[in-house]
Amino acid sequence: MINKKYNEFLPSMQSAEDLVSQVDSLSGNIDLLKSRIENEVQQDLNVAIAEFTELKQQLERDSLVLSVLKQLQEARSSLKMLESRKGFELKVLRALGTELTVQTQNMLYHLGEEWRQMVLWKLPPSKELSSAEMVMQTELHLCTMPLKEDQVAGPPVASVLQAFAVLGELHTRLKLFGQLLLKYILKPLISYPSLRPLLEEQPDTVVLHFESAEPNLEHPSPMEVFGKITLVLEVLHRHLLNVSLDECGENDKDSKVILAEMLGDMVWEEVSGCLIQECLVYSIPANSSKLEQYVEVIKSTEEFEKSLKNMGFVKGDATDLLKYARNVNSHFANKKCQDVIVAARKLMTSEIHNTVKITPDSSVAIPKLPGPGAGDNLKMQNASKMLHNELINLENETKLSQHTFSLPTCHISVSVEKLMELAYQTLVEATTSTDQCCIQLFYSVRNIFHLFYDVVPIYHKENLQKLPQLAAIHHNNCMYIAHHLLTLGHQFRYRLTNILYDGAATFVDLVPGFRRLGMECFLAQMRVQKGELLERLSSARNFSNMDNEENYSAANKAARQVLHQLKRLGKVWQDVLPVNIYCKAMGTLLNTALREIINRITALEDISAEDADRLHSLCRIMLEEGPLVFTPLLEENKNKKYQEEVPVYVQKWMMFKELMIILQANLQEIVDRWADGKGPLAAEFSPTEVKSLIRALFQNTERRAAALAKIK
Amino acid sequence: MDEDILTTLKILIIGESGVGKSSLLLRFTDDTFDPELAATIGVDFKVKTISVDGNKAKLAIWDTAGQERFRTLTPSYYRGAQGVILVYDVTRRDTFVKLDNWLNELETYCTRNDIVKMLVGNKIDKENRAVDRNEGLKFARKHSMLFIEASAKTCDGVQCAFEELVEKIIQTPGLWESESQNRGVKLSNQEEGYGGRACGGYCSML
């Protein structure tokens with residue numbers, strides 16, 4: 001039973017035991033779950049709570065801001081309303097505005113003070129920078145800031161600049177700085193080759209000042225100047241403009257970029273212009289042989305611009321200098337042409353009366369031109385020379401003088417001789433130049449002559465009118481130039497560039513103009529002299545009533561004055577004018593005087609015997625002394641020839657002689673010289689004139705009537 | 001005084017410098033001789049009345065300068081000349097050679113074609129003769145000229161030269177008459193003149 005009971009019991013117990021173990025595991029699970037809930041959920045809850053609190057706070061803040069903004073908006077709208085009601089101001093607002101201004105100004109003042117301490121200028125007392133010595137007094141002290149952010153020693157440059165930027169003052173400040181930099185440092189450095197920038201590093205400042213070196217050249221080499229300017233800008237860059245990047249992050253970086261670029265924008269245009277004007281222009285070589293060495297300048301210019309770009313002074317696309325330097329060929333031509341024209345103008349405006357004697361043997365020092373083709377042409381030339389020698393025997397025995405086509409001996413201005421040399425030299429230069437340059441040089445030479453044509457008659461106008469000698473020299477000058485212009489083009493024809501080859505390279509077209517120029521000037525002078533001669537003769541009282549002492553002395557004086565004037569002219573033109581022109585000119589003037597005398601005497605209606613004697617003696621003075629004014633040459637004994645030739649140069653000479661004969665002749669002699677219209681009297685005078693003279697000279701007799709009848 | 005004069009004739013004396021043109025004239029008009037006579041400047045002029053075959057003619061004689069430098073003056077002297085005396089120096093060949101130039105100049109400037117030309121070889125008194133008489137004669141014949149050799153110094157042939165020339169001019173109708181008569185007749189006269197000249201030119205001398 002027990003057993004039975006036991007047996008009965010055992011399974012129930014076993015199930016009970018199973019149940020217990022199940023309960024145990026269940027409770028374990030429950031515990032685990034409980035602890036997990038406690039651990040995890042609790043934590044999340046906390047976070048959520050914290051989050052919630054934060055959000056709540058934010059909400060509060062935002063709603064606060066919002067309310068403030070709302071209030072502000074309300075205030076603003078009410079302010080606007082207030083403002084719209086004119087005449088009504090809030091004192092507070094004004095006070096606030098004033099305060100703002102005061103504070104801003106205060107701020108600016110302090111900043112300005114700081115700036116002044118950081119960037120200290122010592123300028124020369126005088127405003128005019130006339131010499132290197134004056135500029136020497138310039139100093140620029142820059143406060144060196146430690147590159148790290150030690151903010152002990154006052155605000156760093158960057159902050160000050162930043163503050164300026166915020167206040168909108170930066171541009172003005174920088175501009176002022178830029179102007180000073182330009183005027184006192186950069187420009188002097190470019191202009192005065194003797195100046196060198198000197199850098200003195202002191203504990204907390206950098207001093208930039210100048211030292212004077214030996215002034216070696218008039219104009220410094222571009223490399224030197226580039227070096228100096230780079231040095232100065234580097235200093236500025238290092239100590240002023242290059243504010244360190246890691247200090248204030250993005251904002252500063254922006255301002256830095258702006259700074260260097262801003263300064264660059266302000267000064268670069270002027271600096272580059274100045275560099276070109278004062279430095280690069282002079283570095284352009286004066287003759288083509290040095291043109292090749294210019295590559296170095298181009299290279300250094302490139303480097304200079306590159307370094308400036310690295311510092312941020314110059315924007316990437318600005319290459320003014322390099323462009324200029326690379327364009328050296330055209331600048332060279334321009335410069336050369338300008339030099340040529342300037343030199344020519346200087347010559348043209350120099351004194352005319354400094355003369356040099358030109359003889360057919362003297363010629364412009366024409367530089368030896370290279371043969372059109374070098375080398376093997378020599379043989380050909382020799383061959384042709386031999387041929388030439390053989391040909392000589394076939395030539396006509398009577399040869400032209402070697403001077404046949406030469407300009408006759410005369411005096412021209414030294415300046416004009418030099419002008420011609422300049423023209424030749426420039427053309428020679430053109431032969432060795434590039435096409436473009438060659439054309440430019442060729443036209444420069446043409447321009448020289450155009451310039452002469454326009455400038456000289458105007459510039460020397462007064463003297464050319466006043467002084468017969470200058471008029472003569474100018475005449476010769478023009479003829480001399482015209483003479484050279486005839487062949488100038490041909491001499492260079494095959495040596496100039498092909499573009500000019502085809503007949504374009506000529507000067508012949510200028511020849512008539514120059515001849516006219518010289519002729520007109522001289523003819524104007526001749527007219528002046530002619531006017532004077534006639535003026536003097538007009539005081540001779542028509543040569544009438546010579547028996548009156550007063551009349552006779554007036555006429556005598558007039559004749560003497562005429563001779564004196566001619567003599568003086570003969571002297572100032574002596575050796576100056578070519579002999580043929582001299583004789584022609586003097587002959588024309590003497591002719592004018594003689595013709596006037598002839599006209600006056602033939603117009604007389606009554607000539608007494610005494611009148612006739614006195615007129616004859618007056619005429620004899622002219623006849624004897626007139627030829628003596630012909631002194632074309634310095635050697636007195638050589639002038640006799642020209643004095644004998646006076647009848648050739650003085651058209652009315654024979655007529656004058658005939659008139660003199662009539663004044664002293666009897667009727668028969670007059671009739672003989674008339675010789676039925678075949679004598680010299682008839683060659684010079686018309687029957688009417690002779691008859692009128694006979695009537696004036698002789699009383700009305702039968703003999704006179706008979707003589708008059710023969711004059712027909 | 002001049003009433004019986006037939007005509008006035010314009011005579012020109014040309015030739016190289018120094019051949020004795022002025023001396024010939026002086027010998028003819030004044031019957032003088034100056035061995036040191038200066039060179040003529042420009043032109044000289046003399047009048048002389050001469051009687052040829054009973055005809056009186058007044059000669060207006062123009063003595064030109066031989067020097068090259070006065071040559072520009074000469075063209076006007078040729079105008080209206082009826083006779084020309086072309087002189088060379090028998091002792092200077094160059095003066096003979098240059099005769100061609102003078103003939104050329106004469107041709108160029110004289111205003112009439114029937115001008116009578118007389119070639120005179122001067123200075124035959126000198127011993128160093130360079131131009132033979134026949135040469136002169138040949139040249140004269142070639143160019144239809146009268147020819148004579150003369151010496152102003154010794155008076156040889158001077159008078160004769162002028163007389164021959166005047167005679168020839170007077171024998172050439174139209175040459176001297178035309179001027180005093182009306183111009184209408186001139187044409188026929190001239191034609192005759194041409195005809196006469198064709199054989200007359202030097203035939204009379206030979």
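Proteins come first, then strands; the chains are lettered A, B, ... in the order of their sequence lines, and each starts at number 1. Predicted, not measured: the structure shown is a model, and the values here were computed from it.
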Exercise. Out of Pro647(A), Gly677(A), Ala683(A), which one racks up the most heavy-atom pairs below 4.5 Å with chain B?
Worked result: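 Highest number of heavy-atom pairs under 4.5 Å: Pro647(A).
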Exercise. Heavy-atom distance under 4.5 Å to chain B: side chain of Lys641(A), backbone, both or neither?
Worked result: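 When you check distances to chain B, atoms from both the backbone and side chain of Lys641(A) fall under 4.5 Å.
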Problem set entry | Residue pair Asp114(B) / Gln82(B), side-chain heavy-atom distance below 4.5 Å |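 Sidechains of Gln82(B) and Asp114(B): no contact.
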Problem set entry | Non-hydrogen side-chain atoms of Leu566(A) and Gln529(A) separated by less than 4.5 Å |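 Answer no - side chains too far apart.
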Problem set entry | Proximal component of Ile61(B), with respect to chain A [non-hydrogen, under 4.5 Å] |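 It is neither, since no heavy atom gets under 4.5 Å.
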For this session: Would you please indicate yes or no on a ring centroid separation below 6.0 angstrom for Tyr642(A) and Phe630(A)?
Result: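 So the answer is no for these two rings.
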Problem set entry | Distance-only side-chain donor-acceptor flag, Glu105(B) / Asn101(B), under 3.5 Å |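 Their side chains do not contain a donor-acceptor pair, so the 3.5 Å distance test is not met.
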For this session: For each of Leu59(B), Ile41(B), Val43(B), tally heavy-atom pairs with chain A at distances under 4.5 Å, and name the one with the top tally.
Result: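 Looking at each of Leu59(B), Ile41(B), Val43(B) in turn, Ile41(B) comes out on top.
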